[in-house]
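Some notes on the structure that comes next.
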Amino acid sequence: MKQHALIAGVGMTPFGRHLDRTLSSLAHQAIREALDDAGIDIGRVQAVWAGNAGAGIITGQACVAGQVALRGLGLGGVPVVNVENACATASTAFQQAASMVTLGVYDVVLAFGVEKLYHADKDRPMRVYMGATDVDHPEQLDAYLTGDLSEADKAAAPKDRRSVFMDIYARMARDYMAASGATQRDFAAVSAKNSRHGALNPLAQFRDELTVEQVLAARAISFPLTLPMCSPIGDGAAAAVIVSPRAAAELGLRAPVHIRSSVLNSGFDPAPGRASVTTETADRAFALAGITPGDIDCLELHDATAPAELIYYEALGLCPPGGGPDLLRSGATTLGGRVLVNSSGGLVRKGHPIGATGLAQIFELTRQLQGRCGARQAEGARVAVAENGGGWIGSDAAAIVMTVLSR
């Protein structure tokens with residue numbers, strides 16, 4: 001829907017391995033930072049949307065994770081909606097919270113996402129990822145994952161434990177290579193670019209810079225993916241305070257960020273000639289916001305693996321079909337380029353604690369629009385877009401949120 005809400009403040013923890021932290025302690029850090037950024041006390045919050053995807057499996061905290069975290073901050077007596085929507089969990093919480101402000105139900109709300117995926121039992125996070133697919137029909141997923149491989153290729157595939165989504169993205173990458181002429185080296189170049197961005201982000205999980213050759217020489221995961229092309233598991237939290245124009249005026253906010261549109265959509269069984277759910281959702285979000293792809297100054301894409309960035313360049317209309325590799329090689333999507341993509345380092349470098357990822361994108365873009373990103377700042381940024389997908393059914397994402405912000 002077309003939005004009229006504003007972002008008053010954002011907060012985020014460092015992403016990474018936080019074995020010594022509880023789910024609530026991570027949430028508290030991000031929420032306190034967002035409230036401080038907005039300059040308000042938690043008592044001003046009228047409703048909360050709390051995102052988490054995996055705690056029921058990882059920590060055993062199910063059903064009331066939001067209420068538990070907020071009670072620890074002294075907040076009760078307000079509506080709390082717990083949101084679970086695979087990797088699009090936090091962006092769904094954000095979209096729902098912003099929509100309720102736009103509709104006039106509330107003036108000041110909070111959206112946060114939190115996740116802990118690291119665990120001594122390494123099977124637990126893998127169970128979370130598998131739960132983001134259609135577990136009633138595993139044969140359909142198996143057919144998609146290996147349908148383009150010869151028996152020899154199937155036998156040669158690495159057998160290491162890994163998220164099923166790395167195999168899903170590997171199949172997407174192979175299809176994209178066949179359609180566009182992209183190479184494994186192009187995917188490595190995405191990882192190298194985002195490592196340069198991530199090295200400038202103090203909250204990123206990985207901050208070392210990588211060369212294309214280092215990415216190509218790394219351990220194979222699922223062809224054509226090597227380890228640095230894949231987002232890691234991680235822990236972390238992110239939050240945003242969302243307000244109405246009336247509340248923004250009352251609070252005297254000096255640099256609120258406008259939510260121009262935020263569209264929540266779900267995948268579908270494709271018909272011949274129909275665009276992907278990503279393209280359909282982007283078209284709708286851009287139309288509601290009154291922008292075109294050429295208006296975008298900075299963009300956070302859901303690069304759960306590096307090839308996805310090139311695929312989404314095309315899906316969002318940044319370049320024509322097959323033009324992703326050329327757009328990357330032109331330098332247009334790196335620091336100093338025409339449209340800065342994944343200034344945070346993206347999921348492959350910033351990290352991907354799935355229940356927090358969508359709001360981490362909002363955190364980065366809000367700070368970009370406010371000119372607060374230091375060495376990774378997109379100069380003069382006025383329009384920003386976040387694309388956050390989640391889950392997999394059939395041959396496309398199960399859920400997606402596309403958000404347009406402006407200053």
Side-chain angles (χ1 to χ4, degrees), residues 1-12 27-52 64-83 85 89-114 237-264 285 288-290 356 358-363 365-367 369-370 372 383-384 386 401-407:
M1 62 184 292
K2 184 176 178 62
Q3 299 279 350
H4 303 289
L6 301 97
I7 300 172
V10 289
M12 178 178 162
H28 292 173
Q29 181 180 344
I31 292 168
R32 287 190 179 109
E33 288 183 7
L35 293 168
D36 288 346
D37 197 35
I40 66 171
D41 182 82
I42 197 168
R44 293 291 300 269
V45 173
Q46 298 168 318
V48 181
W49 280 258
N52 175 264
V64 292
Q67 287 90 337
V68 168
L70 293 163
R71 192 70 62 88
L73 289 172
L75 181 64
V78 301
V80 177
V81 181
N82 289 291
V83 177
N85 214 7
T89 288
S91 57
T92 300
F94 175 84
Q95 190 272 343
Q96 295 288 283
S99 296
M100 293 299 275
V101 171
T102 290
L103 292 169
V105 181
Y106 303 108
D107 284 312
V108 180
V109 302
L110 171 70
F112 75 90
V114 62
V241 175
I242 302 162
V243 301
S244 67
R246 177 174 58 189
E250 290 174 356
L251 293 168
L253 297 179
R254 287 176 293 182
V257 165
H258 296 259
I259 306 170
R260 299 271 292 275
S261 67
S262 191
V263 177
L264 170 63
L288 288 168
L359 273 159
Q361 292 180 326
I362 298 299
F363 173 91
L365 295 176
T366 296
R367 292 173 70 91
L369 292 171
Q370 293 172 333
R372 299 164 64 190
V383 176
V401 178
M402 198 79 62
T403 299
V404 179
L405 307 176
S406 70
R407 66 176 187 181

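Fair warning: this is a prediction, and the values are worked out from it, not measured in the lab.
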Check whether any side-chain heavy atom of Val10 sits under 4.5 Å from a side-chain heavy atom of Arg367, and report yes or no. yes

Check: Val383 and Leu405 side chains under 4.5 Å, non-hydrogen atoms: no

Could you tell me which non-hydrogen atom of [X] sits nearest to which non-hydrogen atom of [Y], and how far apart they are?
X: His258; Y: Arg407; answer: CD2-C, 4.0 Å
X: Gln67; Y: Val80; answer: NE2-O, 3.7 Å
X: Thr89; Y: Asn52; answer: CG2-N, 3.3 Å
X: Gly11; Y: Glu33; answer: CA-CB, 3.7 Å
X: Ala5; Y: Ile242; answer: CB-CG2, 3.7 Å
X: Ala30; Y: Ala239; answer: O-CB, 3.7 Å

Using side chain to side chain contact (heavy atoms under 4.5 Å, CB included), reason through Leu253 and Leu6 one step at a time and then give a plain yes or no. CA-CA 10 Å; Leu253 297 179; Leu6 301 97; 5.8 Å; no

More than 12 heavy atoms of other residues, nucleotides or ligands under 6.0 Å from CZ of Arg372: is that the case? yes

Quick one: [atom1] on [X] to [atom2] on [Y], what's the gap to the nearest 0.5 Å?
X: Leu369; Y: Ile7; atom1: CG; atom2: CD1; answer: 8.5 Å
X: Glu250; Y: Ser244; atom1: CD; atom2: OG; answer: 7.0 Å
X: Leu75; Y: Arg44; atom1: CG; atom2: CZ; answer: 13.5 Å
X: Leu35; Y: Ile42; atom1: CG; atom2: CD1; answer: 5.5 Å
X: Thr366; Y: Met12; atom1: OG1; atom2: CE; answer: 12.0 Å
X: Phe94; Y: Leu359; atom1: CZ; atom2: CG; answer: 7.0 Å

Among Ser99, Ser262, Ser261, the one residue meeting side-chain hydrogen bond (donor to acceptor under 3.5 Å, both in side chains) with Gln3: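 Per the side-chain hydrogen bond (donor to acceptor under 3.5 Å, both in side chains) rule, the option paired with Gln3 is Ser99, out of Ser99, Ser262, Ser261.
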
Give the C-alpha distance, both sets of side-chain angles, the deciding distance and a yes or no for side chain to side chain contact (heavy atoms under 4.5 Å, CB included) between Val101 and Asp107. CA-CA 6 Å; Val101 171; Asp107 284 312; 6.0 Å; no

Please walk me through it: do Leu70 and Leu110 pass side chain to side chain contact (heavy atoms under 4.5 Å, CB included)? CA-CA 11 Å; Leu70 293 163; Leu110 171 70; 4.1 Å; yes

State whether Asp37 and Arg32 are salt-bridged, where the test is any N-O pair (Lys NZ or Arg NE/NH1/NH2 against Asp/Glu carboxylate O) under 4.0 Å.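 Here Asp37 does not pair with Arg32 in a salt bridge, since their nearest N and O are not under 4.0 Å apart.
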
Using modelled atom types and a 3.5 Å cut-off, is there a donor and acceptor pairing between side-chain atoms of [X] and backbone atoms of [Y]?
X: Thr102; Y: His4; value: yes
X: Gln95; Y: Val401; value: no
X: Asn82; Y: Gly66; value: yes
X: Arg260; Y: Ala289; value: yes

Does the pair Val81 and Gln96 meet the rule for a side chain to side chain contact (heavy atoms under 4.5 Å, CB included), with working shown? CA-CA 10 Å; Val81 181; Gln96 295 288 283; over 6 Å; no

